[in-house]
Amino acid sequence: MDKQQPNFAMASNDPELSDLYNDPQPGDLIEIFRPAYQHWALYLGDGYIINLTPVDESQAAAMSSVKSVFSRKAVVRMQLLKDVVGNDSYRINNKYDDNHTPLPICEIIQRAQVLIDQEVSYDLLGSNCEHFVTLLRYGEGVSEQASRAIGAISLVTAAASAFSVLGLINTRSRNRPF
């Protein structure tokens with residue numbers, strides 16, 4: 001896949017439409033564009049992916065739920081890519097290949113298959129769906145999405161602290177008796 005041209009696609013069984021896009025290969029990272037966030041999956045082959053879904057929701061509801069972002073536990077599921085994508089778009093995005101060496105395909109698939117139907121811990125910032133699939137592909141969990149969120153949280157915390165200090169200083173100067 002040409003790194004300059006993202007491979008956006010809609011899930012479809014239409015052979016003419018699938019010819020317009022590169023077909024994912026086993027071990028590829030799949031980035032699914034939800035309305036408020038990106039969901040990540042790993043392509044296994046034959047139209048199937050492995051991904052994390054919330055423990056307490058039905059498979060159908062879990063696929064597009066924002067609640068999945070706030071869950072503390074997840075279930076590893078093997079599902080059809082087209083079912084998980086639904087009406088959203090997706091692309092093959094092996095964006096970490098320049099900095100991380102992918103494991104051999106057979107090892108990636110074997111590691112993924114062992115985890116199917118297992119319950120795992122989930123944390124938006126430390127153990128999310130992107131961490132999960134990059135751990136399978138590279139042997140190391142990486143998440144640019146989490147890094148951006150941590151940066152934003154740090155910025156908000158720093159700003160709140162600064163405003164608190166400024167408010168405290170301003171209050172003290174107004175309360176001086178002279």
Side-chain angles (χ1 to χ4, degrees), residues 1-3 5-97 102-138 141-146 149:
M1 184 177 106
D2 182 356
K3 292 187 185 214
Q5 296 296 320
N7 183 19
F8 293 97
M10 296 295 288
S12 173
N13 287 328
D14 183 349
E16 290 181 17
L17 190 58
S18 66
D19 287 344
L20 297 173
Y21 304 102
N22 292 335
D23 288 325
Q25 299 301 306
D28 279 342
L29 299 178
I30 306 295
E31 183 178 18
I32 302 166
F33 297 92
R34 301 290 192 222
Y37 64 99
Q38 286 81 40
H39 179 64
W40 288 83
L42 182 113
Y43 192 74
L44 297 174
D46 296 326
Y48 285 91
I49 52 99
I50 189 169
N51 71 137
L52 297 180
T53 64
V55 170
D56 56 348
E57 291 187 19
S58 70
Q59 275 185 284
M63 289 181 243
S64 62
S65 173
V66 173
K67 183 178 180 184
S68 65
V69 172
F70 300 106
S71 295
R72 301 300 282 157
K73 293 278 186 185
V75 175
V76 179
R77 297 204 197 275
M78 184 174 95
Q79 299 170 288
L80 284 170
L81 174 62
K82 69 182 180 75
D83 291 343
V84 174
V85 171
N87 292 326
D88 295 327
S89 62
Y90 75 95
R91 70 176 172 173
I92 299 165
N93 191 353
N94 298 318
K95 66 182 179 178
Y96 300 112
D97 282 7
L103 297 170
I105 301 298
C106 60
E107 186 176 338
I108 294 170
I109 301 304
Q110 181 181 22
R111 291 164 53 118
Q113 288 175 334
V114 167
L115 295 170
I116 294 170
D117 295 327
Q118 299 294 313
E119 188 173 299
V120 297
S121 293
Y122 182 90
D123 179 311
L124 179 62
L125 301 178
S127 184
N128 64 32
C129 58
E130 187 176 8
H131 287 111
F132 173 72
V133 297
T134 56
L135 181 62
L136 291 173
R137 183 172 173 83
Y138 306 110
V142 184
S143 176
E144 187 177 280
Q145 196 169 211

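We're numbering straight along the sequence, starting at 1. Quick caveat: nothing in here was measured; it's all calculated off a predicted structure.
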Set of side-chain hydrogen bond (donor to acceptor under 3.5 Å, both in side chains) partners for Tyr138, sequence neighbours left out: Asp97
Spacing of OH belonging to Tyr43 relative to CG belonging to Asn51, to within rounding of 0.5 Å: 13.5 Å
Distance (rounded to the nearest 0.5 Å) between Glu130 CD and Tyr96 OH: 3.5 Å
Nearest heavy atoms of Ala112 and Leu42, plus distance in Å: CB-CD2, 4.4 Å
Set of side-chain contact (heavy atoms from CB on, under 4.5 Å) partners for Gln118, sequence neighbours left out: none
Trace of the side chain to side chain contact (heavy atoms under 4.5 Å, CB included) decision for Tyr48 with Leu81: CA-CA 5 Å; Tyr48 285 91; Leu81 174 62; over 6 Å; no
From CG (Asn128) to NE2 (His39), nearest 0.5 Å: 10.0 Å
Val76: side-chain contact (heavy atoms from CB on, under 4.5 Å) partners, not counting sequence neighbours: Ile50, Leu52, Leu115, Val120, Phe132
Shortest non-hydrogen contact from Ser121 toward Lys73: OG-NZ, 4.0 Å
Between CG on residue Asp123 and CZ on residue Arg72, distance to nearest 0.5 Å: 5.0 Å
With Glu107 via side-chain contact (heavy atoms from CB on, under 4.5 Å) - residues at least two apart: Leu103, Pro104, Arg111
Under 3.5 Å donor-acceptor pairs involving side-chain atoms of residues 24-31, not counting sequence neighbours:
unit_1: Gln25; atom_1: NE2; unit_2: Asp23; atom_2: O; d: 3.2
unit_1: Asp28; atom_1: OD1; unit_2: Asn94; atom_2: ND2; d: 2.8
unit_1: Asp28; atom_1: OD2; unit_2: Gln25; atom_2: N; d: 2.7
unit_1: Glu31; atom_1: OE1; unit_2: Arg91; atom_2: NE; d: 2.8
unit_1: Glu31; atom_1: OE1; unit_2: Arg91; atom_2: NH2; d: 3.0
unit_1: Glu31; atom_1: OE1; unit_2: Asn93; atom_2: ND2; d: 2.7

